[in-house]
Amino acid sequence: MKITAARVIVCCPGRNFVTLKIETDQGLTGLGDATLNGRELAVASYLNDHVIPCLIGRDAHQIEDIWQYLYKGAYWRRGPVTMSAIAAVDTALWDLKAKAAGLPLYQLLGGRSRSRVLVYGHANGRDIEHTVDEVLRHREMGFLAIRAQSGVPGLDKVYGVGHGGFYEPADGSLPSEHDWSSEKYLRHTPALFAAVREAVGPEVHLLHDAHHRLTPIEAARLGKALEPFHLFWLEDATPAENPQAFALIRQHTTTPLAVGEVFNSLWDCKALIEQQWIDYIRTTVVHAGGISHLRRIADLAALYQVRTGCHGATDLSPVCMGAALHFDTWVPNFGIQEYMPHTEATLEVFPHDYRFEQGFMHCGETPGHGVDIDEALAARYPYQRAYLPVNRLQHDGTLWSW
Ligand SMILES: [Mg+2]
């Protein structure tokens, strides 16, 4: 099955998505997601200018060799742009191989390890009362696991908290500026979870994302303060460029820790997993080199009882969600999958066969990963430059992690 053509489709049905479509001499096509939120066109150029010329004429069945060719052949290894581009090729090739076999993708990975995929939804509120209402609303929708984020008194804008239920942080043609106070956040958050746990009872899994804003000792203090409320996980407690920061948090708290949505290779995960400093690894199909590389990360994690918890916000396209659900259906050390529904316009551009039902997602049985693109419709939503915000400390304007 020879690759005859490949093209990059950039569209903005509510937010930007970059999609790679590979065509073959058998008439089959494969799709991969290449979306890197806020830096979309860098990956589009990497694919168009540097990767696609190398793909033409290759055997689409040689997924591993093509992966190694793009990774080692670039000489400059890793990084989010390179690994998102490789991920798009890898996902499209797995899609093609599964279509050629006439099988849903999870069958090629080794078949089903579970009947359905546990997902968590996002409950975001202006204040504690509003967040409690949102958690209860998500439980009514069937969610068994819910991430709770709340506005903080004295802060204008807070990560995860939008307007009218809709949240899309990449909102400006230049980065918008938010202010931040770890002290105000740390005073507020234990009270939030006391109220949420009280309202929702012991059964619902609760999650929280600190979004890389705390120092290790602040994160340790938060983890300790949240212990009575039995979180499923505390996410991105501190930046993980220095993995050892998690050793300090671990020393002080039994609150389970998750990190990795910004990671792009096994090498970002290795120490965290081998030292058992985390409980869940959040790398995704699109940002971590595709299914081939994510599988290697999951296999290493399994040796240390670290489970998967793939990033699944709307900054990944339905193509990535489809591929991730096949991966989740197979991966033996599955933990949970993030699920944030896309806009109606996005779901129309990307016809798909996965579905949400009573707190779980189900991948479809269509050959491949089950997600397509309506290119004529996509063309009606041209690219719009958008940036993620930046954060500054409230008291003196120092640039902080957003
Ligand atoms: Mg996160």
Side-chain angles (χ1 to χ4, degrees), residues 15 33 35-39 80 84 118-125 131 134-135 138 143 145-152 157-162 166-171 178 180 182 185 189 192-193 205-214 216 218-219 222-223 226 231-241 243 245-246 249 255-264 268-269 272 277-288 294 297 301 306-317 320-321 324 328 335-342 387-391 400-402:
R15 62 152 357 279
D33 182 20
T35 307
L36 183 62
N37 198 3
R39 297 291 185 270
S84 297
L118 179 69
V119 294
Y120 70 91
H122 292 187
N124 311 317
T131 308
E134 284 294 301
V135 169
H138 277 75
F143 282 98
I146 301 166
R147 191 189 81 167
Q149 307 290 135
S150 156
V152 174
K157 287 180 180 160
V158 172
Y159 166 75
V161 181
F166 180 74
Y167 180 66
E168 181 49 69
D171 61 354
H178 295 183
W180 178 248
S182 296
Y185 167 79
T189 305
L192 166 69
F193 278 90
H205 294 305
L206 295 176
L207 301 84
H208 183 67
D209 189 350
H211 222 243
H212 304 116
R213 290 170 183 205
L214 301 176
E218 288 169 343
L222 179 63
L226 295 178
L231 264 58
F232 186 93
W233 77 34
L234 172 62
E235 174 181 341
D236 296 343
T238 197
E241 286 102 322
F246 280 76
I249 305 172
T255 293
L257 302 173
V259 76
E261 69 185 40
V262 304
F263 293 180
N264 49 71
D268 299 319
C269 314
L272 286 161
W277 288 329
I278 57 169
D279 301 278
Y280 296 92
I281 185 72
R282 289 197 21 85
T283 42
T284 57
V285 173
V286 57
H287 299 138
L294 191 58
I297 295 172
V306 173
R307 294 189 285 162
T308 64
C310 290
H311 178 63
T314 45
D315 62 345
L316 340 148
S317 90
C320 181
M321 179 54 78
D328 296 336
I336 200 165
Q337 167 71 52
E338 183 178 21
Y339 169 55
M340 189 180 172
H342 286 102
Y387 286 93
L388 290 169
V390 297
N391 230 1
W400 202 246
S401 302
W402 178 79

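In each ligand, atom 1 is the first atom listed, and ligand 1 is the first ligand listed.
Aromatic pair W180/Y185: centroids less than 6.0 angstrom apart.
A salt bridge is defined here as a Lys NZ or Arg NE, NH1 or NH2 lying under 4.0 Å from an Asp or Glu carboxylate O, and R213 with E218 fails to meet this definition.
Protein N/O/S atoms found under 2.8 Å from the Mg ion (ligand 1), listed by chain and residue number: D209 OD2, E235 OE2, E261 OE1.
Under the side chain to side chain contact (heavy atoms under 4.5 Å, CB included) criterion, A145 pairs with Y120, H205, L207, I336, not counting sequence neighbours.
E134 and H122 share no donor-acceptor pair across their side chains, judged by distance under 3.5 Å alone.
In this structure, the side chains of W233 and R307 stay at 4.5 Å or more apart for every pair of heavy atoms.
Annotation: W400, atom CH2; neighbour count of heavy atoms from other residues, nucleotides and ligands within 6.0 Å does not exceed 12.
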